[in-house]
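Worksheet: one structure, shown below.
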Amino acid sequence: MKGMNQATDLVSTGSTEKRAERKLTDRYQALLFLAPAVLVIVSVFLYPVVKLVQYSLQVQDYGQWKWVGLANYRGLLNDDIFRQAAKNNAILLLCVPILVILSIFFAILLYEKIRGWQAYRSIVFLPYLLAIPVVGIVFSYIFQYNGILNEILRSVGLGRLALDWLADSKLALPTVMVVIIWKELGFGVILFLSRLLSVPEELYEAAKLDGASWWQTHWNITIPQLRGIIQFYSIVAVITMISWVFNYVYVMTKGGPGTSTMVSELYIYQQGFRFNLMGTASAVGVILLIVTSIVIFLQFKVRGGLDSDTE
Amino acid sequence: MARVVLRNVVKNFGDVRIVKNVNLEIEDKEFLVLVGPSGCGKSTTLRMVAGLEDLTSGEIIIGDRIVNDVHPKDRGIAMVFQNYALYPHMDVYENMAFGLKLAKMPKAEIDKRINEVAETLGITELLKRKPKELSGGQRQRVAVGRAIVREPDVLLMDEPLSNLDAKLRVQMRTELIKLHNRLKNTIIYVTHDQTEAMTMGTRIVVMKDGVIQQVAAPQEIYDKPVNVFVAGFIGSPTMNFINCRVISDDGKITLDAGSFRLPAPAERFTLLEKHINKEVLMGIRPENIHVGENAAQTYGDSRVEALVEVVEQLGSEVLLYLKADRYSLTVRAQAGTRAATEESIPVFINMNKIHIFETETETALF
């Protein structure tokens, strides 16, 4: 009997070893399969990031990179133009609530199938399909002092409102914001509309029977149902305003008049490619990366709980 | 509480007429069931009562006022939807309180009502849960709770049990009947399930293609269907139908089905005499076809030879699916009845229980 037990022990020990060995092989196999993807990610993402951080801590001196620690960052804090760019990026964030509110409003209008809603849906989405430089050039013409907008204003007797939209330092940034909102709105509308279309119609019918008015229905039913999408879209829009507005500004104002429409991306471009200050440009790049990473982190955190209430 | 009257109610969707001139009177405290196949217009009719659909023409009266142009919230109705339609972002309490809050009811009164209803329905411990944290049965209860907490005159239910599994459906059926007995409000209940209709309704309205076929108490609908559609729709397993020619034979009337002949009951001669040499449709329910020795003695003159195709042992009874000539017959036999497939057996029809329908109009002679 004792001999038998020993034999059983041996067998079980043997099988445990085998299992462990197999586990190890499986793990190597998994790593092997993952390797190409890891390599691609490292080479196209991690390597540039490391290089960016490295450059941000150096300056180029006659073709030679010299280590300067945080000097580039300190320089940025004292640079009025960078501060203006950061401030403008912050002002552009005002577009986010406007985009969210307008997108929801238009999505609801389309959802309620106003006459010709299918045509409106295409019209609203059309600007989103256009290339930003095209949009920028077209709107540059529209907003010129002698552009179409002012001509229309003058022709209807509102000549006093015909302003120099892009050449006035107080008006240029708000004008750029209008163009950004016009261009980006379509994405939000389609996003909210697609979510609305998946909300069971019975919820609205139940609200109607409960005595909810139009406003109460959308405030109590629609908005909570869109909560996840609102959070997602807001984060996308924030990222856009922080690091995706270069094209608009470059085509329409080149940061002017003066530095009134300067944004971080344009600042990077000017420092890096016009003044050949790659260290400074890299430092701004790192700052943008950190800010957008924080936003993305928040997005992931938010998305973790967003599905819970809308099932 | 209130009675509901539908007068010449018509509903068109585009060019298609979904509800065709419906006239119906639902008494106060009645549990009326609208039943029919998909697309028969029963849900549309209910939604018109709710105010979720406008009428093309006609009148709907709740209590003593015409409500055609009255907003749903002011009709004194509440509705339980097929998919419950609970607000997913609100907990059970908030779901139930939503309508009351909109009606600007004092918080203390809302609390009182919700607690009472929650206790009645056994959902007190669920009040702080969100709908996704509830089972199908619990959601269904909450949906009912949300409706009755408003203390409606008329409670409308649109297939409220169809999303539940079979066992839970039977349980909820009983609970809804008990609830009606306790609350005594007028209920209009839509279902496509004839068993639900038979077990729950004080009266049943059978609809087809937007037209009311019959309005009667469950047993009356079962025993005296007015046409082939009602006869076939109500009852499970469904009624058996046999095409026959009415023949006068030496002072008696027989029904000639081709390969077999069946004697018509003497008390029906008067009705059948007008149809001598005409085709009619005979209907007989599965429990009125018998097998075995005793049946041979009792109903020996209405014997039909049939081939056993399928035998279903249900424990409490046995269902035999047979072929007699070109007719498929279903027989509900007693538990323990033995029959082998492909075997030819004699079955005996209780001719006192037959139904006869005119072939052309499909309306019942008796």
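Keep in mind that this is a model prediction, so the values were computed, not measured. Throughout, protein chains are lettered first and strands after them, A, B, ... in sequence-line order, and every chain is numbered starting at 1.
Surrounding CG of B:D165 are more than 12 heavy atoms belonging to other residues, nucleotides or ligands, all under 6.0 Å away. Atom CZ of B:R7 is surrounded by 12 or fewer heavy atoms from other residues, nucleotides or ligands within 6.0 Å. Applying the 6.0 Å contact sphere to CG of A:D26 captures more than 12 heavy atoms from other residues, nucleotides or ligands. Counting heavy-atom neighbours within 6.0 Å of A:F246 CZ, excluding the residue itself, gives a total above 12. Counting non-hydrogen atoms of other residues, nucleotides and ligands closer than 6.0 Å to CD of A:E201 gives a total of 12 or fewer. Residue-environment remark: CH2 (A:W219) stays at or below the threshold of 12 foreign heavy atoms within 6.0 Å. Counting heavy-atom neighbours within 6.0 Å of A:W214 CH2, excluding the residue itself, gives a total above 12. Atom NZ of B:K128 is surrounded by more than 12 heavy atoms from other residues, nucleotides or ligands within 6.0 Å.
Counting only residues at least two apart or on different chains, the ring pair (Phe, Tyr, Trp, His ring centres under 6.0 Å) pairs with a member in residues 24-58 of chain B are B:F31-B:H180, B:F31-B:Y189.
In this structure the side chain of A:R227 never reaches within 4.5 angstrom of the side chain of B:H89, judged on heavy atoms. B:L52 has its side chain within reach of A:K208: a pair of non-hydrogen atoms, C-beta onward, lies under 4.5 Å apart. Looking at B:P72 and A:E205, their side chains never come closer than 4.5 Å, going by heavy atoms from C-beta outward.
Across every non-hydrogen atom of A:A206 and B:A85, the tightest pair is CB-O, 4.0 Å. B:L102 and A:G211 get closest at one heavy-atom pair: CD1-C, 3.9 Å.
B:A50 touches chain A through backbone and side chain together, each having a heavy atom under 4.5 Å away. Residue contact with chain A, scored on non-hydrogen atoms closer than 4.5 Å, is absent for B:R75. No part of B:L100 comes within reach of chain A, as not one of its non-hydrogen atoms sits under 4.5 angstrom from that chain.
For B:R150 (side chain) and A:L209 (main-chain N/O), a donor-acceptor pair under 3.5 Å exists by modelled atom type.
Of the inter-residue distances, the one linking B:M79 atom CE with A:E202 atom CD reads 8.5 Å to the nearest 0.5 angstrom.
Below 4.5 Å, heavy atoms of chain B meet no heavy atom from residues 98-112 of chain A.
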Quiz item: Could you go step by step and tell me if A:D210 and B:Y87 meet the side chain to side chain contact (heavy atoms under 4.5 Å, CB included) rule?
Solution: CA-CA 12 Å; A:D210 275 334; B:Y87 309 122; 2.7 Å; yes
